[in-house]
Amino acid sequence: MHAPMKYVEKGMSIAANGIWSVFSAANKVKQNPSFTPRWSDKPLLKSHQKTKPPLGWPRQTDSLCPTCTREARQEILDGKKDVSILLNEKVGEIKATIIERDGKILMVKDCPLHGHFEDVMAMDPAFFKHLEEVFPGRDIRAHNDEKLHNHGSSTVQHGRGSVLTVDLTNRCNMMCDPCFMDANQVGFVHELTWEDIKQVLDNAITIKPRRQMSVQFSGGEPTMSPYFLDAVRYARKVGYNSVQAATNGIEFAKSPEFAKAAAEAGLRYAYLQFDGIGNAANAHRRVGNLFDVKLRAIENLYQAGVDIVPVITIVNGVNNEQVGRVIEFALDNPKRINFLSFQPVSFTGRDEEVTPERRAAQRYTLSHLAHDVKNQTGIGEPIRDWFPISFMSTFTDWADVVHGPDREWGQLTCGCHPNCGIGMAVMIDKETKEAVPVTAFLRADQLAKDVAEVNDAARGKFLSVAGMALALMRNYDPFKAPTHFRIADLMKKFDKTFGATGRDYGKVSGDRTISDIEKRRSDRWNFLFIAGMWFQDLFNYDFRRTEMCIIPYATQQGEISFCAYNTGIGWRNIIEKMHMTATLTKWYEEHGRHEIFAGGKEVQMDSKNHSLVLNAEAVAKGKQTDLDELGIAKNAREEKLAARKKLSPEELRQHQEMERLYRQEVLKEQPTLQIQGLKTGRGKQDVADVVHKPTV
């Protein structure tokens, strides 16, 4: 019954293609110069003015020696060297080459002191090539930023970023593996004061180009900060429309009232840690009922008006088989989930000294993700349907042109390096749950070229909107779109995203109400964006990526690239120690110990009820056992336990004594029981772990 309309739309597409040839020719004649918007001191860039980092292979870049870098960082932390050397010297830096070998893309590098290192960048060279070929180029170079972007080789140089990350505290109520910040293990508390929070947010809006970014409050666990709600409220006050919390969801699961308070303060998104479907898939986080916590958190947050973004850290051999199950979960719940963020593991924080064997077994790349999605769900062709997330910058450039020079904020732009992140968009009918990749019915690569032509002409709002409409129609195939989908729905989706016509789809600004939220949610079509964001570690570090970072950390020492902060030379370790709030001993004396869920401990909730659709078979699956079968540790804790078994009796005794002293003198814990003489399976005497309790 829908076939006649499909034929009508096909005719419209053919007609638009003919009109485009005339429109395109006219656009190339006497193009208007780019204007300089209020949010920048430099004009908008035309497509041919955008620069690119070196791409392709073989190519050389600047990287780090993992061992030299850790040693140099420790010398700074120990006070043997001044932090200023990071501004004036290339600490730990070595050259690296990106090559193709044996059907893979590798980064290889040699340190004159510590030898050879190599790691996999992609297991599909054609996919890697595709991502780099469609990269549209870098954003306006950052300016008016000298006070906040001054970190030597790690300095962010291009664009303004898309997610400003603010760590409110390094305290956490979980003890996860992996953990890129080593929460609860560094021996001190680093927690921003209210004045710190206001200062870093005030600083952020001074940099140009001043683009509308998401502000993500993180940690540790940000909800543990006494200023969490105030921070959300203040971020909205200074002009940020998209305020997020990167959270494990425990506090939101425990309290619907807390979720409502966060929404009323202005929280728009919860970036929810979400490792898979079922408690077994989350067992490596060592919380007994963690999946139940996630479901309840989603329920409470959604009912309060907060949108949920499940964030899945993917570790090969630990939970990579969950990729398809998580996507199926999103497809089954299109009214609840419209964004998924998969993050291939970065061996940093607790995992920085990973063994080569475990690193090789657990390494997971963006190309792995694209292929796993296809193989596990049947959705998406890697080269046709996946693009670097920076691919979207052509469309946000169009929105900047349409909104004109008088806007105070530029559009949110994900202008990162093509090796950093990828995305695939899936159009889902919320009523029938039919799902089709957008790029199956829309020629994305040609559309981007057409929109770049519209941007370059700079004809003003009316002709730019008309140009976008023509480009969409001519690149649209109605017969490959979802059954009930129409070209008008496609136009509406673009307009809703970029606000070009001024039509009211429900406000997203600071004064939005629950009715605005409900209005935006009433759309029949869910534009599910499946993203992959691959953060660097010392084994694949590339300064060309760091200088284009779109996820800067706002700190007391300026804004620092995500990867330079969490890995690289380790600005996190240095800044948190420089601005330490208190030692653990002092903190516990003044505040007591906060609750930590570990060792299988369950989170107590008033209710486990939720309205989400679940696949019972996926929920019942056991945990992944690939690494067990290979005899490879799953995390740093298991590696340390394995190493202890290889120690001599004297080495083991020394190790246990050091651990006891750390617990007693630093954590101020006292032993309550020590059991000796337990038999192991091999009949040998062993010493059980000492059970401790806090003195406070």
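FYI, side chains are in, hydrogens and waters are out, and symmetry mates aren't considered; it's all heavy atoms of this structure. Everything numeric in this text was worked out from a predicted model, so none of it was measured.
Side-chain contact check for Phe339 versus Tyr271: some heavy-atom pair is nearer than 4.5 Å. Between Thr313 and Phe535, every side-chain heavy-atom pair lies at or beyond the 4.5 Å cut-off. Leu77 has its side chain within reach of Ile574: a pair of non-hydrogen atoms, C-beta onward, lies under 4.5 Å apart. Looking at heavy atoms from C-beta onward, Val323 lies in side-chain contact with Phe342 at the 4.5 angstrom threshold. Residues Tyr553 and Asp167 have side chains in contact (heavy-atom distance under 4.5 Å, counting atoms from C-beta outward). Between Ser162 and Thr413, the closest side-chain pair of non-hydrogen atoms is not below 4.5 Å. Two residues are said to be in side-chain contact when any heavy atoms from C-beta on lie closer than 4.5 Å; Arg296 and Lys608 fail this criterion. Within the 4.5 Å cutoff, no side-chain heavy atoms of Trp587 are placed close to those of Thr583.
Minimum heavy-atom separation, Thr165 to Ser218: CG2-CB, 3.9 Å. Annotation for Ile140 and Ser40: closest pair CD1-OG, 4.0 Å, computed over non-hydrogen atoms. Minimum heavy-atom separation, Trp571 to Ser154: NE1-OG, 3.7 Å. Contact between Asn333 and Phe329 at its shortest, heavy atoms only, is ND2-O, 2.8 Å. Counting all heavy atoms, side chain and backbone alike, Arg512 lies closest to Arg268 at NH2-CA, 3.3 Å. The minimum heavy-atom distance linking Pro222 with Phe217 is given by the pair CG-O, 3.4 Å.
With no hydrogens or angles considered, no side-chain donor-acceptor pair links Gln303 and Lys260 at under 3.5 Å. Side chains of Asn150 and Glu146: a donor-acceptor N/O pair is absent below 3.5 angstrom, by distance only. A donor-acceptor pair shorter than 3.5 Å can be found between the side chains of Asp196 and Thr193. No side-chain N or O of Thr247 forms a donor-acceptor pair with one of Thr223 less than 3.5 Å apart. Judged by distance alone, the side chains of Thr206 and Asn203 never bring a donor and an acceptor atom under 3.5 Å apart. Under 3.5 Å, the side chains of Glu299 and Ser611 contain a donor-acceptor pair of N or O atoms. Checking Ser515 against Thr513 by side-chain atom types alone, a donor-acceptor pair falls below 3.5 Å. Side chains of Asn279 and Asn289: a donor-acceptor N/O pair is absent below 3.5 angstrom, by distance only.
In this view, Arg233 and Asp230 satisfy the side chain to side chain donor-acceptor pair (under 3.5 Å) rule, not counting sequence neighbours. Every residue meeting the side chain to side chain contact (heavy atoms under 4.5 Å, CB included) condition with Pro405, not counting sequence neighbours, appears here in chain and number order: Phe35. Partners of Tyr240 under the ring pair (Phe, Tyr, Trp, His ring centres under 6.0 Å) rule, at least two apart in sequence or in another chain, are Trp409.
The residues Asp504 and Lys519 are annotated as salt-bridged, a charged nitrogen and a carboxylate oxygen being separated by less than 4.0 angstrom. The existence of a salt bridge linking Asp489 and Arg524 is excluded, since no basic side-chain nitrogen approaches an acidic carboxylate oxygen closer than 4.0 Å. Between Arg73 and Glu352 there is a salt bridge, since at least one side-chain N of the basic residue sits less than 4.0 Å from a carboxylate O of the acidic one. Salt bridge annotation for Asp495-Arg503: absent, with no cationic side-chain nitrogen under 4.0 angstrom from a carboxylate oxygen.
For residues 549-567, the set of pairs meeting the salt bridge (charged side-chain N to carboxylate O under 4.0 Å, His left out) definition, not counting sequence neighbours, comprises Arg160-Glu559. Listed by first and then second residue, the salt bridge (charged side-chain N to carboxylate O under 4.0 Å, His left out) pairs that reach into residues 336-346 come to none, sequence neighbours excluded.
For the atom pair Leu164 CG and Leu201 CG, the distance stands at 7.0 Å (nearest 0.5 Å). A distance of 11.5 Å separates OG1 in Thr546 from CD1 in Ile560, rounded to the nearest 0.5 Å. Atoms CG and NE2, on Asn170 and His190 in that order, are 7.5 Å from each other to the nearest 0.5 Å. Rounding to the nearest 0.5 angstrom, the gap separating the NE2 atom in His284 from the CG atom in Leu290 is 9.0 Å. A distance of 12.5 Å separates OG of Ser393 from CZ of Arg138, quoted to the nearest 0.5 Å. Within the model, atoms CD of Gln557 and CD of Glu576 stand 12.0 Å from one another, a figure rounded to the nearest 0.5 Å.
The cationic atom of Lys601 (NZ for Lys, CZ for Arg) lies less than 6.0 Å from the six-membered ring centre of Phe597 and within 45° of the ring axis. Within the cation-pi definition used here (under 6.0 Å to the ring centroid, within 45° of the axis), Arg572 does not qualify as a partner of Tyr565. Taking the ring centre of Tyr302 as origin, the terminal cationic atom of Arg521 falls inside the region bounded by 6.0 Å and 45° from the ring axis.
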Practice item. Tell me, with the steps shown, if Val311 and Gln343 meet side chain to side chain contact (heavy atoms under 4.5 Å, CB included). Key: CA-CA 7 Å; Val311 180; Gln343 297 181 355; 3.5 Å; yes
Exercise for review: List the steps, then state whether salt bridge (charged side-chain N to carboxylate O under 4.0 Å, His left out) holds for Asp523 with Lys493.
Suggested key: CA-CA 9 Å; Asp523 191 338; Lys493 274 295 179 186; 3.0 Å; yes
Review point. Are Met468 and Trp398 close enough, and set up right, to give a side chain to side chain contact (heavy atoms under 4.5 Å, CB included), and what steps lead you there?
Key: CA-CA 8 Å; Met468 173 65 85; Trp398 171 81; 3.5 Å; yes
Point to revise | Working for side chain to side chain contact (heavy atoms under 4.5 Å, CB included), residues Phe529 and Asn338 | key: CA-CA 6 Å; Phe529 193 75; Asn338 54 26; over 6 Å; no
Practice item. Could you walk me through whether His149 and Gln157 pass side chain to side chain contact (heavy atoms under 4.5 Å, CB included), step by step? Key: CA-CA 8 Å; His149 287 162; Gln157 298 180 22; over 6 Å; no
Practice item. Before giving the answer on salt bridge (charged side-chain N to carboxylate O under 4.0 Å, His left out), spell out for Arg211 and Asp400 the whole-Å C-alpha distance, their side-chain angles and the decisive distance to 0.1 Å. Key: CA-CA 10 Å; Arg211 291 184 175 269; Asp400 283 332; 3.0 Å; yes
Could you pull out every donor-acceptor pair under 3.5 Å between side chains of residues 248-258 and any protein atom, sequence neighbours left out?
from: Asn248; atom 1: OD1; to: Ile250; atom 2: N; distance (Å): 3.0
from: Asn248; atom 1: ND2; to: Asn173; atom 2: OD1; distance (Å): 2.7
from: Asn248; atom 1: ND2; to: Glu221; atom 2: OE1; distance (Å): 3.3
from: Glu251; atom 1: OE2; to: Lys254; atom 2: NZ; distance (Å): 3.4
from: Ser255; atom 1: OG; to: Glu257; atom 2: N; distance (Å): 3.4
from: Ser255; atom 1: OG; to: Glu257; atom 2: OE1; distance (Å): 3.4
from: Ser255; atom 1: OG; to: Phe258; atom 2: N; distance (Å): 2.9

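More than 12 heavy atoms of other residues, nucleotides or ligands lie within 6.0 Å of CG in Asp511, so this atom counts as buried by the packing criterion. Few gaps surround NZ on Lys507; more than 12 heavy atoms of other groups in view lie less than 6.0 Å from it. Within 6.0 Å of CD on Glu590 lie more than 12 heavy atoms contributed by other residues, nucleotides or ligands. Within 6.0 Å of NZ in Lys430 there are more than 12 heavy atoms belonging to other residues, nucleotides or ligands.
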